[in-house]
Number of protein chains: 4
Amino acid sequence: MMRRVTPEVRKAGTGAGGRPRDPELGPAVLAAAAELVVRRGYHGVRMEELAQLAGTTKTAIYRRWPSRAAVLLDLVAQRMPPPVEVDAVLPSGMAGSAENEDVVAASRLLARSLSDPAVVHCVMGLLAEAVHQPELGAQFRAKLIEPQIAAADALVAAAKKAGRCPPWVSGALLADIMTGSVLQHVVVRGQPADDAFFAELAQFVGNALR
Amino acid sequence: MMRRVTPEVRKAGTGAGGRPRDPELGPAVLAAAAELVVRRGYHGVRMEELAQLAGTTKTAIYRRWPSRAAVLLDLVAQRMPPPVEVDAVLPSGMAGSAENEDVVAASRLLARSLSDPAVVHCVMGLLAEAVHQPELGAQFRAKLIEPQIAAADALVAAAKKAGRCPPWVSGALLADIMTGSVLQHVVVRGQPADDAFFAELAQFVGNALR
Amino acid sequence: MMRRVTPEVRKAGTGAGGRPRDPELGPAVLAAAAELVVRRGYHGVRMEELAQLAGTTKTAIYRRWPSRAAVLLDLVAQRMPPPVEVDAVLPSGMAGSAENEDVVAASRLLARSLSDPAVVHCVMGLLAEAVHQPELGAQFRAKLIEPQIAAADALVAAAKKAGRCPPWVSGALLADIMTGSVLQHVVVRGQPADDAFFAELAQFVGNALR
Amino acid sequence: MMRRVTPEVRKAGTGAGGRPRDPELGPAVLAAAAELVVRRGYHGVRMEELAQLAGTTKTAIYRRWPSRAAVLLDLVAQRMPPPVEVDAVLPSGMAGSAENEDVVAASRLLARSLSDPAVVHCVMGLLAEAVHQPELGAQFRAKLIEPQIAAADALVAAAKKAGRCPPWVSGALLADIMTGSVLQHVVVRGQPADDAFFAELAQFVGNALR
DNA sequence: CTTTAATCGAGACGGTACGTCCTGTCTTATA
DNA sequence: TATAAGACAGGACGTACCGTCTCGATTAAAG
């Protein structure tokens with residue numbers, strides 16, 4: 001007997017029938033969350049108000065995300081720029097680059113991950129909550145941090161092969177330094193992440209990679 | 001006209017008569033807060049439980065601090081190691097040091113500010129709350145960050161005068177990089193701040209200061 | 001002008017075409033409701049669980065009944081024994097009965113209306129809901145109470161004609177006393193409706209009718 | 001050593017110090033509940049609205065009562081008239097009363113327990129909830145029913161001693177009949193509990209007690 | 001044999017209330 | 001005046017349930 005194949009492969013979670021999820025609802029919630037998080041901060045995102053602003057109800061939100069933290073985590077994952085792409089920074093023909101300007105440029109991109117204020121506010125709140133909520137921390141790292149580290153590793157590996165990076169530098173270290181410095185500068189010290197700061201940082205890193 | 005003193009959050013010893021404050025109570029609260037913050041994280045520090053663990057009541061705590069954040073801020077201020085002392089790192093007779101090992105050593109001290117887990121957890125929570133609570137952020141920076149920057153500035157100035165530091169390096173940048181990298185490594189990525197990491201970081205900084 | 005028939009709660013078989021209703025589904029729902037109402041009480045009958053126990057879905061139930069109360073009302077109407085039939089109790093030839101044992105026997109039947117625990121639980125819940133839901137109350141009385149009163153009235157009229165019942169006794173009063181006493185005894189006081197109680201009650205009524 | 005006696009025996013639950021409960025708050029909640037229950041019925045009493053109407057908050061209500069049902073139970077207990085007092089009905093000098101009018105009068109009082117509409121609505125809702133919530137049912141009976149039964153028992157015992165009541169009549173039976181009949185008449189059938197009904201009922205009972 | 005129309009299972013949706021939890025303020029009696 | 005004790009107002013949380021809705025699939029009678 002031939003298995004009956006459903007004519008259309010459904011993309012919704014469980015697989016079978018039922019009223020399909022409103023496709024506009026999820027994005028609307030994330031957009032509302034982004035607005036609220038910059039208006040009121042991480043703890044100012046109240047589920048009731050979030051639902052109202054998104055034109056829906058708490059119930060619908062909790063059907064998609066298990067908690068408020070999960071919503072904000074998804075918000076960050078969506079707004080965070082994708083990690084550095086090696087090929088975009090180290091084009092094949094660029095082999096004999098006089099200095100290591102290409103690696104430095106890539107590092108600048110890494111640092112600019114935290115340029116969106118909504119992202120910054122969410123990240124702080126999530127980290128504070130994740131400290132003693134291991135599952136949240138694991139998801140946070142899997143969704144946001146590990147791709148970044150992987151990209152940095154690939155970047156460093158390519159640079160090493162081309163002789164433009166000392167062998168003792170690791171991608172993880174580079175990522176820690178770039179994003180960490182921005183975090184400290186912006187969030188902890190409350191300073192603007194302007195071009196002057198990025199220039200200083202780039203010069204520091206460029207000097208270290210000599 | 002006599003200024004009306006709000007009974008709450010009065011500094012101890014303002015007036016004359018009355019029962020004196022129990023001098024052991026304040027420290028007991030901070031100790032209990034340190035224990036709770038590592039057990040349950042920043043948001044896990046409930047005022048009722050904190051009071052109970054410190055052997056007192058909420059009333060007594062709120063007489064000393066205006067809010068939960070203020071308690072945790074004081075906790076950090078107390079547990080945070082004092083900022084680097086220039087004289088301890090750059091002794092007068094050490095002038096012609098072959099390399100820049102002394103500045104690197106000072107930077108390591110700067111980085112080790114965040115070695116206490118209680119401090120790390122508090123800092124994250126306080127920052128998350130401070131994002132939309134400007135007064136808290138100002139106090140945070142005045143108590144914790146500005147002394148650090150000042151110390152780093154003094155350190156860098158002395159090193160520059162001795163020719164062991166490039167002129168484009170600022171103390172603020174050095175502090176941002178050192179503490180920020182540790183913050184990222186420990187809190188965001190959840191990695192241990194062990195000697196291997198500090199060594200990598202020191203080598204990076206040492207290379208940059210050449 | 002053709003009347004627009006709302007698709008919901010349509011009587012089965014109104015129009016022509018279309019898939020016919022599953023005839024086993026309605027009874028299955030009532031049976032499941034009976035089971036649930038004795039297991040968990042009136043408010044414990046959740047529509048989702050009811051549907052699942054009946055092997056169907058909420059949709060199918062709401063196509064047949066407009067609300068949860070309507071389902072339970074139908075359950076009572078089905079499980080409630082039919083009201084007393086005069087002829088069954090007062091056979092024509094039994095005219096000169098020495099006592100009034102026949103009326104007493106009829107009253108016992110009246111009282112036994114509430115012997116089914118599912119019925120008792122439903123009745124309580126329905127009444128509680130009907131207090132401020134006049135339409136539900138009206139349906140409740142029309143379906144369950146008025147037939148009982150009518151039967152009691154007929155019974156009393158026949159008994160009066162045969163001289164076995166004082167002229168000041170009405171069927172409504174008799175019904176109130178018999179069913180009300182059982183309600184109080186069983187539901188309010190939580191006592192079993194056993195033979196001893198019915199005997200006591202019958203003796204009381206028999207004495208009153210002398 | 002003499003035990004220190006607190007100068008004033010506190011009536012509040014736990015016994016020791018602390019801010020005393022607002023004595024007006026409990027009565028205000030019960031009054032508000034009475035108003036809401038007649039306006040909207042048992043299920044229409046929402047905790048939030050109840051709190052607001054009483055000029056307080058949900059928290060304060062839940063500190064005094066464990067659940068909504070407990071509030072309404074207390075409301076009934078307060079509004080329900082006290083059970084019949086034998087001495088008030090059977091004065092010592094009234095021994096040779098021609099008929100049994102005194103017992104009948106007492107029964108009428110018994111029946112009038114359900115004259116308050118707020119009481120009736122609450123009783124119905126409580127009973128519906130108590131069906132499968134044994135603890136609530138037990139409290140309901142202990143607070144409301146058992147005193148009534150005890151009073152009826154005392155009444156019947158005194159009447160028997162004076163020869164104005166048949167030996168086979170129990171107080172419980174009399175209470176079941178009186179209150180149950182009213183319950184049925186008012187709640188189930190939706191008829192008014194007017195004098196005509198009470199007269200009919202009294203005549204029936206008076207006849208039975210002959 | 002196709003069209004039509006109503007049913008079915010499945011499950012998302014808006015809405016509403018629940019009871020819990022926590023913060024920061026207050027009101028007592030006692031030390 | 002400080003303390004322990006605990007009630008208070010206020011507000012958000014996440015859960016649970018109701019009754020409605022929107023799908024695709026199914027099932028018969030009508031055309």
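Just so it is clear, the values below take in all heavy atoms, side chains as well, and ignore hydrogens, waters and symmetry mates. Letters A, B, ... mirror the listed sequences (proteins, then strands); counts begin at 1. Treat the numbers as computed from the prediction; the structure is a model and nothing was measured.
Side-chain atoms of E129(C) and Y42(D) include no donor-acceptor pair closer than 3.5 Å.
When all heavy atoms of R21(B) and R63(B) are compared, the closest pair comes out as NH2-O, 3.2 Å. The nearest pair of heavy atoms linking C122(D) to L72(D) is SG-CD1, 3.4 Å.
Ion pairing between a basic and an acidic side chain is recognised when a charged N comes within 4.0 Å of a carboxylate O; R64(D) and D74(D) show no such pairing.
Taking the nucleotide of DNA chain F with the nearest heavy atom to each of P23(B) and L25(D), the more 5' of the two is matched to P23(B). With DNA chain F read from its 5' end, the first of the two nearest nucleotides for P20(C) and R68(A) is the one closest to R68(A).
Looking at T57(C) and Y62(C), their side chains never come closer than 4.5 Å, going by heavy atoms from C-beta outward. Between V45(C) and R40(C) there is no side-chain heavy-atom pair separated by less than 4.5 Å.
Distance, L72(A) CG to dC13(F) C1': 15 Å, rounded to whole Å. Rounded to an integer number of Å, the gap from K58(D) NZ to dC13(F) P is 13 Å. Per the geometry, CH2 belonging to W65(C) stands 15 Å off P belonging to dT20(F), to the nearest Å.
Atom CG of L36(D) sits about 11.0 Å away from atom CE of M47(D), to the nearest 0.5 Å.
For the helix from dC1(E)-dG31(F) to dA31(E)-dT1(F), the end axes, each set by the C1' atoms of five terminal pairs, are bent relative to each other by 10° (nearest 10°).
Checked against the 6.0 Å centroid criterion, the rings of H43(B) and H43(A) qualify as a close aromatic pair.
Taking a 4.0 Å limit (strictly below) on heavy-atom distances, residues 30-51 of chain D does not reach DNA chain F anywhere.
Of the candidates dG9(E), dG19(E), dA7(F), dG9(E) carries the atom nearest the T56(C) side chain, counting heavy atoms from C-beta on. Nearest to the side-chain atoms of Y62(C) among the listed nucleotides dC18(F), dC8(F), dG14(E) stands dC18(F).
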V123(D) and L127(D): CA distance, side-chain angles, deciding distance, side chain to side chain contact (heavy atoms under 4.5 Å, CB included) verdict: CA-CA 6 Å; V123(D) 165; L127(D) 288 173; 3.7 Å; yes
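Below the 3.5 angstrom threshold, one finds a donor paired with an acceptor across the side chain of R19(C) and the base of dT26(F). The base of dG6(F) sits with one of its N or O atoms less than 3.5 Å from a complementary donor or acceptor on the side chain of T59(B).
In this structure, R63(C) does not reach the dA6(E) phosphate: none of its side-chain N or O atoms is under 4.0 Å from OP1 or OP2.
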